[in-house]
Engineer: 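Handing you this structure, nothing more for now.
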Amino acid sequence: MILKDIRKTETLLFGGLSCIFALHRKGKLLDKFVITGGKKLRGKIEISGAKNAALALMPATLLASGKYLFHNMPELRDIATMGKLMQSMGVEVTKGEHLLGLNTFRVNNFEAPYEHVKKMRASIYVLGPLIARYGQAKVSLPGGCAWGPRPVNLHIEGIRKLGARVEIEKGYINARAKRLKAARISFDVSSVGATGNAMMAAVLARGTSAIENAAIEPEITALGEFLVKMGAHINGIGTTKIEIEGVDALHPADETMIPDRIETATFLVAAAMTGGNVKLENCCPGHLSAVIAKLEEAGSVIETGNDWISIKSAKTVKPVDVITAVYPGFPTDMQAQWMALMSIARGSSVVTDSIYFDRFKHVPELLRLGADIELNNNTAIVKGVKKLTGAKVMSTDLRASASLVLAGLVAEGRTEVLRVYHLDRGYERLEKKLQALGAEIQRVAGQEY
Ligand code: EPZ
């Protein structure tokens with residue numbers, strides 16, 4: 001097992017990425033994807049580790065000093081951003097192939113500055129562990145997001161309930177506490193992030209806490225199981241009511257990341273759109289029951305094993321309505337990709353996002369490819385068209401840009417998806433995996449647009 005001393009690699013890895021940011025700011029020279037549509041996807045690929053699990057588990061290591069090793073780590077820009085944030089706190093970060101080593105012995109800075117947090121909202125996950133372990137945290141408020149308001153009031157409410165004194169000043173959450181005290185936290189809204197922060201805070205609190213209306217996304221279950229490996233006492237993991245008996249100290253542990261269910265679902269929809277026949281390995285079918293059910297309703301034939309899913313797609317796509325919901329419902333992170341599939345369905349469908357009311361930045365871009373979509377608040381009426389036609393389209397956020405790539409795979413002629421750095425945040429080597437399935441897609445570096 002080779003773990004390169006990250007100091008060198010890190011500059012390459014993290015330094016390299018910040019230079020991309022620099023280029024972005026200065027010269028607007030950004031990678032794009034050039035896709036020639038019409039190829040059926042065939043063959044098999046492996047799914048990477050879950051971005052949204054890794055982004056929760058990495059900050060959890062701040063709860064106990066020592067060395068941690070994560071296996072099956074996805075190689076993504078967001079992981080690099082979290083690594084850089086933790087490094088700025090004094091964490092030593094080492095990297096190997098799909099391996100990440102974290103050494104939290106020398107944590108000496110308890111601040112998550114705006115420069116980091118503005119790049120990635122998940123940076124707020126350091127709030128709970130810092131206040132629980134070090135009694136202080138200064139975390140920038142995330143600021144605006146590509147789509148709509150994404151408040152963090154529930155994150156703050158959670159640690160306040162556990163006894164932290166919290167002030168919001170100059171765009172920062174300033175939290176302090178001698179030692180957190182157990183409490184009953186009942187969330188009005190089921191929030192993945194707020195549940196994660198409250199769990200990471202409560203594990204070191206004095207007494208037994210309860211978290212009600214907790215999120216049960218697989219990434220939160222993975223966090224709970226990792227905390228237990230670190231010595232935490234938690235009951236009800238995977239249920240909406242979690243009980244946490246605080247302990248005086250935790251210890252380091254190693255973990256293997258669960259597969260990325262959104263990457264898996266994105267490839268399933270890509271296969272269904274292209275009339276393909278694909279097998280996905282190293283994934284978890286059990287995390288995707290809602291998506292699999294909708295794909296079967298749309299006409300695809302799906303088989304599953306312990307850690308694989310195969311899809312044979314139908315000649316024509318049937319229109320199927322979806323309403324996004326918290327897990328195990330249909331994920332909002334698949335809403336845009338589903339809309340791309342419905343844009344070529346034989347008939348009309350209704351796509352509603354009940355989690356984010358205006359997560360529809362992909363719609364005007366899909367219209368540029370010839371889709372027929374009418375938006376009304378958080379509902380889109382999608383009239384399937386006979387064909388999409390290639391054009392230049394602009395990425396705006398991670399999942400919206402995934403829907404544009406999928407549409408490009410079936411659009412007639414050439415599609416250019418600009419600003420693919422959005423995709424690099426959450427899809428590991430997307431174009432390489434699509435090429436392995438027979439797609440005609442190229443990454444074109446540093447293009448003026
Ligand atoms: C997580 O974000 C995911 N991110 C998101 O995936 C995903 O879209 C979202 O959960 C919903 O599934 C990560 O795990 C890093 P929430 P999070 O708190 O935790 C409201 C992707 O594409 N809310 O569950 O930020 C909020 O506005 C990303 O990989 C409050 O009102 O989502 C939303 O309507 C994008 N106050 C709802 O709860 C709060 O304090 C659910 O948000 C927090 C949330």
Side-chain angles (χ1 to χ4, degrees), residues 48-60 74 76-79 81-82 85 117 119-128 139 141-161 166 168 173 185-200 211 213-223 240 257-258 260-266 287 290-291 324-338 352-359 361-362 378 395-403 422-428:
S48 302
K51 165 180 81 79
N52 291 345
L55 291 177
L57 272 71
M58 287 169 73
L76 304 169
R77 285 189 57 217
D78 274 8
I79 302 298
T81 304
M82 183 63 86
L85 171 59
V117 180
K119 284 184 205 138
M120 183 182 68
R121 305 177 58 78
S123 311
I124 196 157
Y125 267 138
V126 299
L127 181 64
V139 178
L141 287 167
C145 167
W147 73 87
R150 293 180 67 191
V152 292
N153 56 312
L154 300 175
H155 296 248
I156 296 167
E157 184 190 312
I159 58 167
R160 266 205 177 115
K161 285 243 170 87
V166 182
I168 310 294
I173 302 164
I185 302 168
S186 181
F187 288 126
D188 297 341
V189 177
S190 168
S191 156
V192 174
T195 302
N197 253 327
M199 287 167 75
M200 291 193 274
I211 303 176
N213 195 19
I216 58 170
E217 272 65 7
E219 297 75 28
I220 290 296
T221 299
L223 174 64
T240 56
M257 271 331 122
I258 58 171
D260 195 308
R261 62 191 167 103
I262 305 299
E263 183 196 19
T264 312
T266 302
H287 290 165
V291 175
T324 67
V326 296
Y327 188 83
F330 192 93
T332 170
D333 295 346
M334 280 305 298
Q335 177 257 98
Q337 299 92 316
W338 192 260
T352 304
D353 201 320
S354 75
I355 307 288
Y356 296 114
F357 277 47
D358 51 1
R359 191 179 191 175
K361 291 282 183 295
H362 41 286
N378 63 326
S395 304
T396 49
D397 62 80
L398 171 59
R399 308 304 173 184
S401 32
S403 80
H422 286 287
L423 284 157
D424 296 335
R425 291 189 59 175
Y427 292 97
E428 183 179 324

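Remember, it's 1-based here, ligands and their atoms both numbered in the order they're listed. This one's a predicted model, so the numbers in the text were calculated from it and none came from an experiment.
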Engineer: Start with the C-alpha gap between Asn213 and Asp188, add the side-chain angles, then the distance that decides, and say whether side-chain contact (heavy atoms from CB on, under 4.5 Å) holds.
Structural biologist: CA-CA 7 Å; Asn213 195 19; Asp188 297 341; 6.0 Å; no

Engineer: For ligand 1, which part of Val189 has a heavy atom less than 4.0 Å away: the side chain, the backbone, both, or neither?
Structural biologist: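 It is the side chain that gets close, since no backbone atom is under 4.0 Å.
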
Engineer: Using a 4.5 Å cut-off on heavy atoms from C-beta on, say whether the side chain of Pro142 contacts that of Arg150.
Structural biologist: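 Not in contact.
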
Engineer: Which atoms of ligand 1 have any heavy atom of His155 under 4.0 Å away?
Structural biologist: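 This gives 40 (O) as the contact atoms.
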
Engineer: Could you list which atoms of ligand 1 come closer than 4.0 Å to a heavy atom of Lys51?
Structural biologist: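 The atoms of ligand 1 under 4.0 Å from a heavy atom of Lys51 are 21 (C), 29 (O).
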
Engineer: Considering the heavy atoms of Arg359, write down every atom of ligand 1 situated less than 4.0 Å from one of them.
Structural biologist: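 Here the atoms of ligand 1 in question are 8 (O), 22 (O), 35 (C).
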
Engineer: Is it the case that the side chain of Arg160 and the backbone of Val166 share a donor-acceptor pair, with hydrogens and angles ignored and the cut-off at 3.5 Å?
Structural biologist: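 Indeed, once roles are kept as given, a pair shorter than 3.5 Å links the two residues.
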
Engineer: Tell me which protein heavy atom sits closest to atom 15 (C) of ligand 1, plus the residue, atom name and distance to 0.1 Å.
Structural biologist: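 Answer, as residue, atom name and distance: Asn52 OD1, 3.3 Å.
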
Engineer: Check Pro74 against Met257 and note the closest heavy-atom contact, atom names and distance.
Structural biologist: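 Closest approach of Pro74 to Met257: CD-CG, 4.4 Å.
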
Engineer: Has the side chain of Asn197 got a donor or acceptor atom that lies under 3.5 Å from a matching backbone atom of Ile159?
Structural biologist: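 Such a contact is absent between Asn197 side chain and Ile159 backbone.
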
Engineer: May I ask you to list the atoms of ligand 1 that are less than 4.0 angstrom from any heavy atom of Val152?
Structural biologist: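 Per the distance check, 39 (C), 40 (O).
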
Engineer: Return the minimal non-hydrogen interatomic distance between Leu223 and Ala56, and the atom names on each side.
Structural biologist: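 Looking at all heavy atoms of both residues, the closest pair is CD1-O, 3.8 Å.
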
Engineer: Identify, with sequence neighbours excluded, every residue that meets ring pair (Phe, Tyr, Trp, His ring centres under 6.0 Å) alongside Tyr356.
Structural biologist: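 Residues passing ring pair (Phe, Tyr, Trp, His ring centres under 6.0 Å) with Tyr356: Trp147.
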
Engineer: Show the atoms of ligand 1 that are less than 4.0 angstrom away from any heavy atom in Gly193.
Structural biologist: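 Selected atoms, number and element: 18 (O), 19 (O).
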
Engineer: In the structure I gave you, are the side-chain heavy atoms of Asn52 and Asp333 within less than 4.5 Å of one another anywhere?
Structural biologist: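 In contact.
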
Engineer: Does one side chain, of Asp353 or Thr324, offer a donor that lies under 3.5 Å from an acceptor on the other?
Structural biologist: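 Looking only at side-chain atoms, Thr324 and Asp353 do form a donor-acceptor pair, the distance falling under 3.5 Å.
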
Engineer: Identify, by atom number and element, the atoms of ligand 1 in contact range of Thr332, meaning under 4.0 Å from any of its heavy atoms.
Structural biologist: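 Heavy-atom distances to Thr332 below 4.0 Å select 8 (O), 11 (C), 12 (O).
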
Engineer: Taking both backbone and side-chain atoms of Glu217, is any N or O found less than 3.5 Å from an N or O belonging to ligand 1?
Structural biologist: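 No, since none of the N or O atoms of Glu217 sits under 3.5 Å from an N or O of ligand 1.
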
Engineer: Who's the nearest protein heavy-atom neighbour of atom 8 (O) of ligand 1, and how far?
Structural biologist: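 The closest one turns out to be Asp333 OD1, 2.6 Å.
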
Engineer: Is the closest heavy atom of Arg399 to ligand 1 under 4.0 Å?
Structural biologist: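 Under 4.0 Å: yes for Arg399.
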
Engineer: With a 4.0 Å cut-off, would you call Glu428 and Lys51 a salt bridge?
Structural biologist: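 So Glu428 does not pair with Lys51 through a salt bridge.
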
Engineer: Asp78 side chain to Gly426 main-chain N or O, any donor-acceptor pair under 3.5 Å?
Structural biologist: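 Side chain of Asp78 to backbone of Gly426, a donor-acceptor pair under 3.5 Å: no, none is there.
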
Engineer: Determine whether the side chain, the backbone, both or neither of Tyr327 has a heavy atom under 4.0 Å from any heavy atom of ligand 1.
Structural biologist: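 Under 4.0 Å from ligand 1, Tyr327 contributes no heavy atoms.
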
Engineer: Nearest protein heavy atom to atom 9 (C) of ligand 1, by residue and atom, and its distance?
Structural biologist: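 Protein heavy atom at minimum distance: Tyr356 OH, 3.5 Å.
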
Engineer: With heavy atoms of Leu154 as the reference, note each atom of ligand 1 found under 4.0 Å away.
Structural biologist: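 What qualifies from ligand 1 is 30 (C), 36 (N), 39 (C), 40 (O).
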
Engineer: Give the atoms of ligand 1, by number and element, whose distance to some non-hydrogen atom of Ile355 is under 4.0 Å.
Structural biologist: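 Under 4.0 Å from Ile355, ligand 1 has these atoms: 33 (C), 34 (O), 41 (C).
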
Engineer: Just to confirm my output: which protein heavy-atom neighbour is closest to atom 36 (N) of ligand 1, and how far is it?
Structural biologist: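 Here the nearest protein heavy atom works out to Asn153 OD1, 2.7 Å.
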
Engineer: Looking only at heavy atoms of Arg150, does any of them come nearer than 4.0 Å to an atom of ligand 1?
Structural biologist: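 Yes; Arg150 lies near enough to ligand 1 that a heavy-atom distance drops under 4.0 Å.
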
Engineer: Looking at atom 18 (O) of ligand 1, what's its closest protein heavy atom, distance included?
Structural biologist: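 Here the nearest protein heavy atom works out to Ser191 OG, 2.6 Å.
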
Engineer: Tell me the protein heavy atom at minimum distance from atom 24 (O) of ligand 1, and give that distance in Å.
Structural biologist: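 Going by distance alone, atom 24 (O) of ligand 1 is nearest to Val192 N, 2.7 Å.
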
Engineer: What's the verdict on side-chain contact (heavy atoms from CB on, under 4.5 Å) for Thr81 and Arg425, showing C-alpha distance, side-chain angles and the deciding distance?
Structural biologist: CA-CA 9 Å; Thr81 304; Arg425 291 189 59 175; over 6 Å; no

Engineer: Using a 4.0 Å heavy-atom cut-off, which part of Pro151 comes near ligand 1: side chain, backbone, both, or neither?
Structural biologist: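 For Pro151, backbone and side-chain atoms both sit under 4.0 Å from ligand 1.
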
